[in-house]
Each structure stands twice: as structure tokens, then as C-alpha cells.
Amino acid sequence: MPGCIFAPYFPPEEPHKFANVHKIFGASNVTKLLNDLLPHQREDAVNSLAYEAEARVRDPVYGCVGAITFLQRQVHRLQKDLDAANADLIRFAATIPAVAQGRPPFDPLVMNRRSVGVGGGGGGGGGYYGGGGLPWSDEEEDQMNGRGGGGGGNM
């Protein structure tokens, strides 16, 4: 129709677009809004109205806000997952130099045990924890590193 303010923005092959906007906002309100805008702003306004109307049809209470909130939560959850993956990657990367040099990966418990002299000699017994109260011993570690068993105290 010539002179119809809706014609350029609501094509006949998309009748649901106008139907949703009309249902949610009312044709007279949309007419007033479009008349108050400059011609180059109208298409963006109609697209925004159509998007919000579609969101309101799907979710009458929250509309676009519901979709935005859902996406924000998803971004937050994915950021947590990414942070955890990066932490794992850093831990993994820290083990590569030690493994390449034939040493076991960094383990703060092993490092602490060595620095305070816990665990006794190569035979395991004695030391602060008594007779093998820990799940690892110096002898097992020496065998893993190809140094054989027995002997020495702290490393």
C-alpha cells in the first residue's frame, strides 16, 4: 500500500513478524514510534521491536531479558570451565621439563617431605611418620628414576 509506514519494514512473506509486533506493542504505538524516528533509524527500530516481540511471545514474563540472562549465565559457566582448563594446562606444562630430565613431575608434598627430612633412608622405615605411614617412599621414587634402592637420607 502506498503511504503505509509499515510496508518497507514488514514484507508480505513474513506475516508473523508484523503479527507479533502488533500483538505485543499494538499497531498505533508502533506507528507513533516510527513517525518519531528519522527514516534511516526505522529499520533498526523495527528489527529490535520484532526481536523483542518474538522473545515476548516465547517468554511473556522476561522476553529478551530472559535470553540475555541465560546467555550471561552460560558465559559465566564457560569462563569457569576455561579457567579450570587453563589451570590444568599450566599444571601439565610445569611437569614437562621435569619429565624430560628424567625427574618425576613436581609434587609439593614430595618437595616438602625432602626439605624437612621426612621419610628416613632408602629402606623407608623410621622418620617422622614411623614405619611407612605414607603411600610413597624414597625407595619407590629412586626405582622410578633409575637410581636403584637403598642408601642415602635426604635428597
Side-chain angles (χ1 to χ4, degrees), residues 1-119 127-129 132-147 154-155:
M1 254 191 214
C4 177
I5 197 163
F6 297 124
Y9 312 108
F10 295 99
E13 55 272 357
E14 297 180 58
H16 65 281
K17 185 177 179 180
F18 179 76
N20 288 341
V21 170
H22 175 51
K23 179 180 179 182
I24 300 299
F25 299 106
S28 64
N29 289 331
V30 176
T31 301
K32 290 176 197 174
L33 182 111
L34 293 178
N35 283 329
D36 288 345
L37 295 173
L38 297 172
H40 71 276
Q41 297 173 318
R42 291 177 181 165
E43 185 175 1
D44 288 338
V46 167
N47 288 336
S48 293
L49 290 170
Y51 186 82
E52 178 64 32
E54 177 70 25
R56 287 278 172 191
V57 167
R58 291 182 183 190
D59 185 350
V61 175
Y62 295 107
C64 287
V65 174
I68 291 167
T69 302
F70 171 79
L71 292 172
Q72 285 176 332
R73 287 180 182 157
Q74 189 175 15
V75 165
H76 183 70
R77 191 170 44 253
L78 291 171
Q79 185 64 50
K80 282 180 150 180
D81 291 347
L82 180 61
D83 291 345
N86 282 333
D88 289 345
L89 185 60
I90 289 168
R91 271 192 304 277
F92 175 72
T95 64
I96 290 176
V99 172
Q101 294 174 2
R103 293 180 296 158
F106 173 73
D107 183 350
L109 292 175
V110 171
M111 295 303 289
N112 189 36
R113 176 180 54 122
R114 288 180 181 165
S115 66
V116 296
V118 175
Y128 181 78
Y129 289 100
L134 296 175
W136 33 255
S137 70
D138 287 334
E139 184 174 274
E140 291 170 348
E141 190 173 319
D142 288 341
Q143 287 174 355
M144 283 183 9
N145 293 323
R147 290 187 283 231
N154 297 339
M155 297 184 166

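Side chains included, hydrogens not; waters and symmetry mates left out as well; all remaining heavy atoms used. We number each residue from 1, following the sequence as shown.
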Practice problem: Return the set of residues passing side chain to side chain contact (heavy atoms under 4.5 Å, CB included) with Pro11 (not counting sequence neighbours), or none when no residue passes. | Solution: Glu13, Glu14
Quiz prompt | Interatomic distance, Ile5 atom CD1 to Thr31 atom OG1 [nearest 0.5 angstrom] | solution = 6.5 Å
Self-check item: side chain to side chain donor-acceptor pair (under 3.5 Å) against Arg56, all qualifying residues, sequence neighbours excluded
Solution: Glu52
Quiz item: In chain order, what residues pass the side chain to side chain contact (heavy atoms under 4.5 Å, CB included) check against Leu33, with sequence neighbours excluded?
Solution: Leu37, Ala45, Leu49
Self-check item: side chain to side chain contact (heavy atoms under 4.5 Å, CB included) partners for Ser48, two or more places apart
Solution: none
Quiz item: With Ala55, which residues qualify under side chain to side chain contact (heavy atoms under 4.5 Å, CB included), at least two apart?
Solution: Cys64
Quiz item: Tell me, which pairs form a salt bridge (Lys or Arg N to Asp or Glu O under 4.0 Å) where one or both residues lie in residues 28-47, sequence neighbours left out?
Solution: none
Self-check item: Nearest-0.5 Å distance that lies between atom CD in Gln79 and atom CG in Asn86
Solution: 8.5 Å
Quiz item: Who are the salt bridge (charged side-chain N to carboxylate O under 4.0 Å, His left out) partners of Asp83, not counting sequence neighbours?
Solution: none
Quiz item: Does His16 have any ring pair (Phe, Tyr, Trp, His ring centres under 6.0 Å) partners at least two apart in sequence or in another chain, and if so, which?
Solution: none
Quiz prompt | Contacts of Asp88 that satisfy side chain to side chain donor-acceptor pair (under 3.5 Å) - sequence neighbours left out | solution = Arg91
Exercise. Quick one: which residue pairs count as a side chain to side chain donor-acceptor pair (under 3.5 Å) with a foot in residues 18-29, not counting sequence neighbours?
Key: Asn20-Glu54
Quiz item: Which pairs with one or both residues in residues 60-74 pass side chain to side chain donor-acceptor pair (under 3.5 Å), sequence neighbours excluded?
Solution: none
Quiz item: Can you name the residues that form a ring pair (Phe, Tyr, Trp, His ring centres under 6.0 Å) with Phe6, not counting sequence neighbours?
Solution: Phe10, Phe18
Quiz item: Does the Lys17 side chain pair with the main chain of Tyr9, one donor and one acceptor, at a distance under 3.5 Å?
Solution: yes
Quiz item: Is Phe25 atom CZ crowded by more than 12 heavy atoms from other residues, nucleotides or ligands, each under 6.0 Å away?
Solution: yes
